[in-house]
There are 2 protein chains.
Amino acid sequence: MRRFAVRFLLLAGFAVLSLALPAAAGAAGEKTAATPDPAVSPVFGVSIPEGYRGWQLIAVSHRTDNKDELRAILGNDIIMKAYRAKTLPFPDGSMIAKLAWKREPMKEFAGAWMPGVAPRIEFMVKDSKKYASTGGWGFGRFIDGKPADEAAHKSCFPCHQANVKDHDFVFTRYAP
Amino acid sequence: MRRFAVRFLLLAGFAVLSLALPAAAGAAGEKTAATPDPAVSPVFGVSIPEGYRGWQLIAVSHRTDNKDELRAILGNDIIMKAYRAKTLPFPDGSMIAKLAWKREPMKEFAGAWMPGVAPRIEFMVKDSKKYASTGGWGFGRFIDGKPADEAAHKSCFPCHQANVKDHDFVFTRYAP
C-alpha cells in the first residue's frame, strides 16, 4: 500500500510538471518571437562565441580605403587545424573572429602604430546545412556588443562570394 | 647461480653506461663551448619557444618609420593572465613573441593589406634573476630561424628602458 502511494505521488508530480513546462516554454517562445534576441545577428542568428578572445591568430590586416584600422583575425581550434593542414572547404564548426581597432600612433615610439578604439567585432561560423544559401557561412557583426542591422548582414556574403570563392569564401590566409 | 649471473651482467651493463655517458656529455659540452649554439640568441641565450605560434594575441601593431610592417604580439599563458589581471611587473616565466610581416596589398580587396614576407621573429622572456641587469628580460631576435648578432641584441634593452620603464619595459598594451 505504501509503495502504491509513493508511485502515485511520483506520477502525479510528473503529470503536473508535464502540464506546466510547455506552458512556461511557450511563454518564453512568444517573448522571443515578439522581440528579436538582442544577442544574435539578424539574418544569421550568430551570437558572440564564448572565449573568442583566447583563440589563436590566423593573421593580421590593415584597412586603408574608407577606414584606417588594424585587425587581428583569430580562429577556433577547428579552423586552426584546417588552416594548418590546408583543408578546404573549412569543416563545420569552424569559427573566425575579426577584431578591429582604429590605428593610433604609439606615444612611446614615433613611427609605430597600435590599436585604439575598437569599432566592431565580426564573426564567421561554418554550418554547411544551416547556412547552405550563403556558402555554409553565418555572419555576425557586433558594435558595442550589439548586432548590426539586417542591411549590414545582407552585405556580408555577396562581397565574400564575389572575391574569395576559391578560398571557401574566406579572405584571410594563414600567416606563418 | 643463474640469478647471480643475471645480476652481474646488469651491474656490468650499468657500470659501462655510467663510464660512457659523462664522456659523451663532456664531448657535447666542449663542442657547445667552442662553437656558439646556433639555436639561441647571443648575450641572452634565448631560444625560439616551442608552440609560440599557438599563443594568444596581446595586440597588433604597424611600423612605418624605417620599415612598413604589420605585427602580431602574442603571449604565453603566464603573461596573458598577468595582462588580463593588470599585474605589473610581469611574473617570471612570462614570454612574448613578436611576429612581423612586410605589409602587402591584398589582391582580392583594394584598400586592404595583409602579411607578406616575415623578416624576423622576436621574443622576450622574463627571468628576474637570470636577466637582472636588463630589467628581468632576456631578448631573442631570429631571422630565418637563426639568431641575429650580438650588436642587435645589445640594442634591445636600452630602447625598452628609455621608452617603457613604467610598463615593465614592455611596449605592447593588451588590446581588448
Side-chain angles (χ1 to χ4, degrees), chain A residues 51-75 77 80-81 83-84 97-118 121 159-167 169-176, chain B residues 51-75 77 80-81 83-84 97-118 121 159-167 169-176:
Chain A
Y52 75 87
R53 188 57 186 77
W55 290 351
Q56 291 185 26
L57 180 85
I58 306 169
V60 297
S61 72
H62 184 201
R63 182 86 179 264
T64 55
D65 51 338
N66 60 353
K67 44 182 84 83
D68 184 6
E69 292 177 2
L70 297 174
R71 278 97 175 272
I73 298 91
L74 312 181
D77 287 346
M80 293 312 295
K81 200 176 158 189
Y83 264 113
R84 289 181 178 129
K98 187 166 72 181
L99 287 66
W101 301 276
K102 297 276 173 205
R103 196 181 68 137
E104 196 172 273
M106 185 179 280
K107 68 180 197 311
E108 295 95 344
F109 198 102
W113 304 77
M114 55 183 267
V117 169
I121 47 173
C159 179
H160 286 251
Q161 186 179 32
N163 293 297
V164 280
K165 201 189 285 190
D166 63 333
H167 192 246
F169 311 104
V170 173
F171 279 95
T172 307
R173 263 69 176 179
Y174 183 77
Chain B
Y52 75 88
R53 187 59 186 75
W55 291 350
Q56 291 186 25
L57 179 84
I58 306 169
V60 297
S61 71
H62 183 201
R63 181 86 179 265
T64 55
D65 51 338
N66 59 353
K67 45 182 82 85
D68 184 7
E69 290 178 2
L70 296 174
R71 278 98 175 268
I73 299 93
L74 311 180
D77 288 346
M80 293 313 294
K81 200 175 158 190
Y83 264 113
R84 288 180 177 130
K98 186 165 72 181
L99 287 65
W101 301 276
K102 297 277 175 204
R103 195 180 69 136
E104 197 172 271
M106 184 179 281
K107 71 180 194 313
E108 295 95 344
F109 198 102
W113 304 77
M114 54 182 269
V117 169
I121 46 172
C159 179
H160 285 249
Q161 186 178 32
N163 294 298
V164 280
K165 200 189 285 190
D166 63 334
H167 192 245
F169 311 105
V170 174
F171 278 97
T172 307
R173 262 72 177 178
Y174 183 77

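Chain identifiers are assigned alphabetically (A, B, ...) following the order of the sequence lines, protein sequences preceding nucleic acid strands; residue numbering begins at 1 within each chain. Everything numeric in this text was worked out from a predicted model, so none of it was measured.
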List the atom of Arg53(B), the atom of Tyr174(A), and the distance in Å for their closest heavy-atom pair.
-> CG-OH, 3.3 Å
Tell me, for Ile73(B) versus chain A, whether the close heavy atoms (under 4.5 Å) come from the side chain, the backbone, both or neither.
-> neither
What residues form a side-chain contact (heavy atoms from CB on, under 4.5 Å) with Asp65(B), not counting sequence neighbours?
-> Phe109(A), Arg63(B)
Against chain A, work out which of Lys107(B), Met114(B), Arg103(B) has the most heavy-atom pairs shorter than 4.5 Å and name it.
-> Arg103(B)
With a cut-off of 6.0 Å (strictly less than), are more than 12 heavy atoms of other residues, nucleotides or ligands near NZ of Lys67(B)?
-> yes
Crowding at NZ, Lys165(A) (>12 non-hydrogen neighbours, <6.0 Å) = no
For Val60(B), is it the side chain, the backbone, both, or neither that has a heavy atom closer than 4.5 Å to a heavy atom of chain A?
-> both
Tell me, with the steps shown, if Arg173(A) and Met106(B) meet side chain to side chain contact (heavy atoms under 4.5 Å, CB included).
-> CA-CA 10 Å; Arg173(A) 263 69 176 179; Met106(B) 184 179 281; over 6 Å; no
Of the non-hydrogen atoms in Ala72(A) and Leu57(B), which two are nearest, and what is the gap between them?
-> CB-CD2, 3.5 Å
Of the backbone (N, CA, C, O) and the side chain (C-beta and beyond), which part of Ala110(B) lies under 4.5 Å from a heavy atom of chain A, both, or neither?
-> backbone
Determine whether more than 12 heavy atoms belonging to other residues, nucleotides or ligands lie under 6.0 Å from atom CG of Asp77(B).
-> no
Of all of Ala175(A), Ala112(A), Ser61(A), which one pairs up most often with chain B through heavy atoms under 4.5 Å apart?
-> Ala175(A)
Can you name the residues that form a salt bridge (charged side-chain N to carboxylate O under 4.0 Å, His left out) with Arg84(B), not counting sequence neighbours?
-> none
